[in-house]
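Below: one structure, written as structure tokens.
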Amino acid sequence: MRIFDPHIHMTSRTTDDYEAMYAAGVRAVVEPAFWLGQPRTSPESFYDYFDGLLGWEPYRAAQFGIQHFCTIALNPKEANDPRCVPVLDELDRYLAKDRVVAVGEIGYDSMTPEEDEALARQLQLAIAHELPALVHTPHRDKAAGTRRTLDVVRESGIAPELVVLDHLNELTVGMVLDSGCWAGFSIYPKTKMSEDRMVEILKEHGTGRVLVNSAADWGRSDPLKTRKTADAMLAAGFGDDVVDEVLWRNPVAFYGQSGRLELDEPKPDEEATFQGNSIRRGGA
């Protein structure tokens, strides 16, 4: 089994996580720029962080056989801090980098006018750089936030197939797929979406334009949730090819629209089996 995690914050994870992910079948990841928990106090702190996503983290991932790409943006939460807003004026130089495969995370946190402005400006940057956009839907009042996000996406003029709205649930998936955008789901141990709920969504809405990720940030999360979702799909009767579509080919198709996703396909002798908390290399 090969897995591409399309949204995971590896800056928050350990090398043990990289090793476990490789053993579970993960061969590629996209790491979106996000809020680190402690408020940043100047634009320069973003630039150091962006440089880490473009340099150090791909090197660290490569030590464990995982290809690392990223998305770059001013995240919604910090779009409300006037100390951080000047970052918007510097994004062009980062969005031109080879390993940047989308603009993100952009979107809403608290649905403020400042977030409206940051989202609209960054969607225009995605259009200018011919990149996809990774859009964060708010954790509070998600249905209203998702509807507003879709309105701004339409107003921007960006092609809907270049946009993924992430952190969706049963209440928001239908409107996103109906819009022509991609639907993203973060699988978490206690919050957001479980692998069993994800299976039910796939049964109802199909597997097209769906991305499944672990997000795996600094809170309670699990970088193996992509593999656990794949196993839940198999247990529910989905075939190997459908699992490969959702966990590999869909992320490749979405981020491949950037023209920058150069992947080394996993070799057969790199495959691994994963059962619960037991990981065995080489498929033995």
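Please read all numbers here as calculations on a predicted model, not as lab measurements.
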Check [X] against [Y] and note the closest heavy-atom contact, atom names and distance.
X: Val199; Y: Ala236; value: CG1-CB, 3.6 Å
X: Ala230; Y: Val243; value: CB-CG1, 3.7 Å
X: Asp109; Y: Glu115; value: N-OE1, 2.8 Å
X: Ala33; Y: Tyr49; value: CA-OH, 3.4 Å
X: Lys225; Y: Ser214; value: CB-CB, 4.1 Å
X: Ile8; Y: Pro223; value: CD1-CB, 4.0 Å

Can you measure from [atom1] ([X]) to [atom2] ([Y]) and round to the nearest 0.5 angstrom?
X: Cys84; Y: Leu74; atom1: SG; atom2: CG; value: 6.5 Å
X: Ile106; Y: Leu123; atom1: CD1; atom2: CG; value: 4.0 Å
X: Ile187; Y: Thr229; atom1: CD1; atom2: OG1; value: 4.5 Å
X: Ser179; Y: Asp151; atom1: OG; atom2: CG; value: 10.5 Å
X: Asp48; Y: Leu53; atom1: CG; atom2: CG; value: 11.5 Å
X: Arg209; Y: Leu177; atom1: CZ; atom2: CG; value: 5.0 Å

Looking just at side-chain N and O atoms, do Ser221 and Arg13 make a donor-acceptor pair shorter than 3.5 Å?
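Result is yes, a qualifying pair exists.
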
Heavy atoms from other residues, nucleotides or ligands near [atom1] of [X] exceed 12 (cutoff 6.0 Å):
X: Lys97; atom1: NZ; result: no
X: Gln63; atom1: CD; result: yes
X: Asp240; atom1: CG; result: no

In sequence, state the C-alpha distance, the side-chain angles, and the governing distance for Val210 and His205, and then conclude on side-chain contact (heavy atoms from CB on, under 4.5 Å).
CA-CA 9 Å; Val210 170; His205 295 277; over 6 Å; no

**Study point:** NZ/NE/NH1/NH2 to OD/OE distance under 4.0 Å, Asp81 and Arg40
**Key:**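 Arg40 and Asp81: not salt-bridged.
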
Query - Connected via hydrophobic side-chain network under 4.5 Å: Phe34 and Trp56 - result: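 No, because Phe34 and Trp56 fall into different hydrophobic clusters, even though each may have its own neighbours under 4.5 Å.
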
ask   = Is Leu134 reachable from Tyr188 through a run of I, L, V, M, F, W or Y residues, each pair having side-chain heavy atoms under 4.5 Å apart?
value =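 No, Tyr188 and Leu134 fall in different hydrophobic clusters.
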
Within the structure provided, determine whether [X] and [Y] are in side-chain contact (heavy-atom separation under 4.5 Å).
X: Asp222; Y: Glu195; value: no
X: Thr146; Y: Tyr108; value: no
X: Glu57; Y: Arg99; value: no
X: Gln67; Y: Phe4; value: no
X: Met233; Y: Val242; value: yes
X: Met111; Y: Pro138; value: yes
X: Asp241; Y: Arg249; value: yes
X: Leu224; Y: Met21; value: yes

- Query: Step by step, would you call Phe46 with Glu78 a side-chain contact (heavy atoms from CB on, under 4.5 Å)?
  - Reply: CA-CA 11 Å; Phe46 280 86; Glu78 289 174 299; 3.5 Å; yes

Check whether any side-chain N or O of [X] sits under 3.5 Å from a backbone N or O of [Y] as a donor-acceptor pair, and report yes or no.
X: Glu204; Y: Glu200; answer: no
X: Gln257; Y: Pro132; answer: no
X: Tyr18; Y: Ile66; answer: no
X: Trp182; Y: Leu162; answer: no
X: Arg83; Y: Pro43; answer: no

If we check side-chain contact (heavy atoms from CB on, under 4.5 Å) with Leu131, which of these qualifies: Ile72, Ile158, Leu95, Val101?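 Only match with Leu131 under side-chain contact (heavy atoms from CB on, under 4.5 Å): Leu95.
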
Next item on the list: Please determine which of Val176, Val153, Thr149 meets the side-chain contact (heavy atoms from CB on, under 4.5 Å) test together with Val163.
Entry: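 Of the listed options, the one satisfying the test is Val153.
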
Verdict with reasoning, Asp178 to Met175, per side-chain contact (heavy atoms from CB on, under 4.5 Å):
CA-CA 5 Å; Asp178 288 345; Met175 69 176 84; 5.6 Å; no

**Request:** Run the numbers on Arg227 and Asp231 for salt bridge (charged side-chain N to carboxylate O under 4.0 Å, His left out), then give the verdict.
**Result:** CA-CA 6 Å; Arg227 178 57 193 252; Asp231 289 341; 3.1 Å; yes

Please output the side-chain donor-acceptor pairs of residues 166-173 that fall under 3.5 Å, not counting sequence neighbours, one pair per line with the distance.
{"unit_1": "Asp166", "atom_1": "OD1", "unit_2": "Phe185", "atom_2": "N", "d": "3.4"}
{"unit_1": "Asp166", "atom_1": "OD1", "unit_2": "Asn213", "atom_2": "ND2", "d": "3.1"}
{"unit_1": "Asp166", "atom_1": "OD2", "unit_2": "His7", "atom_2": "ND1", "d": "2.7"}
{"unit_1": "Asp166", "atom_1": "OD2", "unit_2": "Asn213", "atom_2": "ND2", "d": "3.2"}
{"unit_1": "His167", "atom_1": "ND1", "unit_2": "Ser186", "atom_2": "OG", "d": "2.8"}
{"unit_1": "His167", "atom_1": "NE2", "unit_2": "His136", "atom_2": "ND1", "d": "3.2"}
{"unit_1": "Asn169", "atom_1": "OD1", "unit_2": "Leu171", "atom_2": "N", "d": "2.9"}
{"unit_1": "Asn169", "atom_1": "OD1", "unit_2": "Thr172", "atom_2": "N", "d": "3.3"}
{"unit_1": "Asn169", "atom_1": "OD1", "unit_2": "Thr172", "atom_2": "OG1", "d": "3.2"}
{"unit_1": "Glu170", "atom_1": "OE1", "unit_2": "Arg197", "atom_2": "NH2", "d": "2.7"}
{"unit_1": "Glu170", "atom_1": "OE2", "unit_2": "Arg197", "atom_2": "NE", "d": "2.8"}
{"unit_1": "Glu170", "atom_1": "OE2", "unit_2": "Arg197", "atom_2": "NH2", "d": "3.4"}
{"unit_1": "Thr172", "atom_1": "OG1", "unit_2": "Asn169", "atom_2": "N", "d": "3.0"}
{"unit_1": "Thr172", "atom_1": "OG1", "unit_2": "Asn169", "atom_2": "O", "d": "3.4"}

Assess the residue pair Leu247 and Arg2 against the criterion (side-chain contact (heavy atoms from CB on, under 4.5 Å)); give the C-alpha distance rounded to whole Å, side-chain angles, the decisive distance to 0.1 Å, and a yes or no.
CA-CA 7 Å; Leu247 275 299; Arg2 55 183 183 172; over 6 Å; no

Practice task
Please say whether the positively charged group of Arg260, taken as NZ for Lys or CZ for Arg, lies over the ring of Phe69, i.e. under 6.0 angstrom from the six-membered ring centre and within 45 degrees of the axis.
Solution key: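 Not satisfied by the 6.0 Å and 45° rule.
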
